[in-house]
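Here is the structure we will look at, set down as structure tokens.
A, B, ... follow the sequence lines: proteins, then strands. Residue 1 opens every chain.
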Amino acid sequence: MDLLSDLTPAQREAVTHVEGPLLVLAGAGSGKTRVITRRVAHLVSHGVRPYEVLAITFTNKAADEMRSRIAALVDTRGLTIATFHAFCARVLRMHGDLVGIDPGFAIYDSADSRRAVKQVVEGIGLDTTHWSPNRIAGRISRLKNQLQTPETFAAEATDFSGKNVARIYTAYRDLLLANNALDFDDLLMHVARALRENEAFLGVMQDRYRFILIDEYQDTNEAQYHIAGRIADRHRNICATGDPDQSIYGWRGANLNNILDFEKDFPGCKVVRLERNYRSTPQILSAASSLIRYNRKRKPKELHTGNADGPAVRVVEVESAEDEAKLIAEEVARDYPGGTGLAGVAVFYRVNALSRAAEDALMAANVPYEIVRGTSFYERQEIRTLVAYLRAIANPADDLAVERIINAPPRGIGDTTVKRLQAFAKAEHVGLLEACRRAGKVDGLGQRAVAAVARFVKLMDTLGAVDQAQVEPLVRRLIDLTGYDAWCRKLAAGEDDRVENVNELVSVAAQFDDEPPPDAGDAPAGTPPGDALMQFLERVSLTSDQDAVHETAERVHLMTLHAAKGLEFPTVYMIGLEEGLLPHIMAEEQDRDDEEERRLCFVGMTRAKRKLTMTFTRYRMHRGVTGRQMASRFLQEIGLTGVERQVLADADGGHDAAPHPRVGRTFNRWRGPSSGRRHKPVSADEAPGIGAAVPHDDCPYRPDQWVRHQTYGVGTILAVSGSGEDTKVRIRFPHLGEKTFAVRFAKLEILDKGA
DNA sequence: CTCGGATGGGTTTTT
DNA sequence: CCCATCCGAG
């Protein structure tokens, strides 16, 4: 097929660029995936061997999609398309010897490393409340992303806390080493460091990958940046695609500067801007652009579209989270009778806690919905344990896996017995499974315990003897020998989805067995070593997308703003647009600027194709306490053009300027019975405006109102004090902070009336 | 081993 | 408020 005819000039430029660095700044909805797939196809059809091309994505889903879309255009055999992690895992299996890594390593996911960190913290004798394994694991993860080893970090850690983290990090590293395991960050760090320190390894990689493409470059962390940069260093054929305005993983170590400085890192690079948006209406685009212009850390970019006009972006103020949810549920029920088209509706929120009210309301209104959660198939207990068996079989040194399965299903090996075995293992410098083999020599074990452990060892030996060329028979045997189904049924007590999940894993294994072995190109060089079992486990550890969004299911999709990235829906509701939630209070405290939060809002808005509704509440209950909420600053930053505002709440008299802290349910009682106008749209003329209450005297200014100041521009009123000539208003301006004015002098224009 | 209450901690989470 | 985890009783 013709690879170019249906492309815009800018897209074509990116597709046909062959030699030299290329940066594609792809605005939201600008057809980026199309450009990448065409570009790879173009390279291949112009004589580049697929074997020499490396394409990196951030998710398995993206990698799969890219592969199939390229396959529709050219022969993809030999092409490497993978996530950074999968790519590094294969590289290390292949060339681990060059780098000093046993290629039979297990891969620990975040839950595994958290457990390992916990063990280490306890082992050192630190208190796990103060030294929270979660937090420390995060800290270690960040260190690894910055390519810090325990040694380099210990050298610069001077304070008490830093020194302890260094101790934990060191012990954690040793634990993983003893278990022959790598965590997610290790996969990247080892490859990155090896590329820096090992000439032979660097040579192998540079020789092979003459062309590399990195998608979502704005989300790369330090380690990934090094990997890409070092490999591309010789041939300089690196193509980075991404959008600084959609960088939302800074808190996880992504470094926005990677994309902002790309031109400096690769002088002479070509830059292509894709600014035409194929997704949204001009109204949505105008509001989103207006918002993102408040950011400084970006590459100026103007999105435009040829799409037809749509409805105005709606900003709706409601009384409570329940009203907010009800608004959506009732509107959706009204607009989609019979449920047809529901797949095109999504609800986004900043934190998972906000999903609950929406769920309740949708359920009450009988609207089918689905929560797109992080908890995936492989994180379920029954699956994790089953996989732990497989891991222990593949890698008997994996103590974490052995510990998990030693008494699951229960077989009479209690905590005390495990503790004794562990102590013995530590003293003898052997693994836990090896300690089990020598249970007879372990002090303090009674006859009964020794017998139970012996049964476990026998089980593992039997399983170990099963042919590992195929995974499914092994899994079946395992389920059989352990009585796994019966155990699951017992645990499930009522819901039997556990057994179903187990069956699902059997099918996954069967499917895996049926796949043709990866062709040579999938591996960095030749086919990776390791049997089917190890490859299966690798797939399992590096896959979290199993709960992929069923984009076709006729249901409303509920998800966090982070989960929304990369998706699109005709109708989008964004809820909880309130100060403290979006921007989130924690994010603000940590980063000291609100730009990533603004990008998050931008990402959410630009998911919408036609209809975008953003809501905020006056009162919201958080951790059992109902608090007064303020409209998000982002709602004023989206501007006034193409935006319509509604107030669907009582004009509740009695408020004064100060926030009313209220507790629990007392709020409703306090407010009194006055729900006459609830849930009825208020016409522009009546609408008192964002967050406005009925004025308590003649003063026209009210908290949450938007006003324009002659010199400072548009801001939100925070509080009104005094009366008559002495009336003062406190106003917050974006970027300028808060200021107080005497209304007698300041020329304030009220903006939000009928905006 | 399993159940229940007490206790503590609660942003987001591509791999 | 909602949960995951811990610990003691049966």
Interatomic distance where [atom1] belongs to [X] and [atom2] belongs to [N] [whole Å]:
X: A:Phe87; N: B:dT14; atom1: CZ; atom2: P; result: 22 Å
X: A:Asp109; N: B:dT13; atom1: CG; atom2: P; result: 16 Å
X: A:Glu595; N: B:dT12; atom1: CD; atom2: C1'; result: 18 Å

field: Given DNA chain B, 5'-ward residue of the pair A:Asp219 and A:Ile413, judged by closest heavy atom
entry: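 Mapping each residue to its closest nucleotide by heavy atoms, the 5'-most match is A:Ile413.
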- prompt: Given that A:Asp415 and A:Leu600 both sit by DNA chain B, which one's nearest nucleotide is further toward the 5' end?
  reply: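 Checking each residue's closest nucleotide, the 5'-ward one belongs to A:Asp415.
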Check the side chains of [Y] and [X] for a donor-acceptor pair under 3.5 angstrom, ignoring hydrogens and angles.
X: A:Glu324; Y: A:Thr615; result: yes
X: A:Thr129; Y: A:Asp127; result: yes
X: A:Asn255; Y: A:Glu222; result: yes

message: Parallel, tilted or perpendicular: which one describes the rings of A:Phe536 and A:Phe512, with boundaries at 30° and 60°?
response: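 Geometry flag for A:Phe512 against A:Phe536: perpendicular rings.
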Of the nucleotides [options], which one has an atom closest to the side chain of [X]?
X: A:Pro410; options: B:dT14, B:dT2, C:dT5; result: B:dT2
X: A:Trp251; options: C:dT5, B:dT13, B:dT11; result: B:dT13
X: A:Met621; options: B:dT13, C:dC1, B:dG10; result: C:dC1
X: A:Thr129; options: B:dT14, B:dT11, B:dG9; result: B:dG9
X: A:Lys565; options: C:dC1, B:dT13, B:dT14; result: B:dT14
X: A:Arg356; options: B:dG10, C:dC3, B:dT2; result: C:dC3
X: A:His562; options: B:dC1, B:dG10, B:dT13; result: B:dT13
X: A:Lys118; options: C:dC6, B:dT2, B:dT13; result: C:dC6
X: A:Arg252; options: B:dT2, B:dT13, B:dT12; result: B:dT13
X: A:Asn407; options: B:dC1, B:dT14, B:dT11; result: B:dC1

field: side-chain hydrogen bond (donor to acceptor under 3.5 Å, both in side chains) contacts touching residues 113-123 of chain A (sequence neighbours left out)
entry: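 Non-adjacent pairs meeting side-chain hydrogen bond (donor to acceptor under 3.5 Å, both in side chains): A:Gln119-A:Glu403.
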Counting any heavy atom closer than 4.0 Å, what does [X] reach on the DNA or RNA strands: base, sugar-phosphate only, or nothing?
X: A:Gly566; answer: nothing
X: A:Arg599; answer: nothing
X: A:Asp185; answer: nothing
X: A:Arg620; answer: nothing
X: A:Phe84; answer: nothing

message: Less than 6.0 angstrom separating the ring centers of A:Phe87 and A:Tyr209, yes or no?
response: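 Between A:Phe87 and A:Tyr209, the centre distance is under 6.0 Å.
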Shortest non-hydrogen separation from A:Arg411 to A:Ile405 and the atoms involved: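 It is NH1-O, 2.8 Å.
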task: For C:dT5 and B:dT12, measure between their P atoms and round to the nearest Å.
output: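 Per the computed distance, 15 Å lies between those P atoms.
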Short N/O separations, protein against nucleotides 8-10 of chain C, under 3.5 angstrom:
none

query: Who passes side-chain hydrogen bond (donor to acceptor under 3.5 Å, both in side chains) against A:Tyr369, sequence neighbours left out?
result: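 Listed in chain order: A:Glu359.
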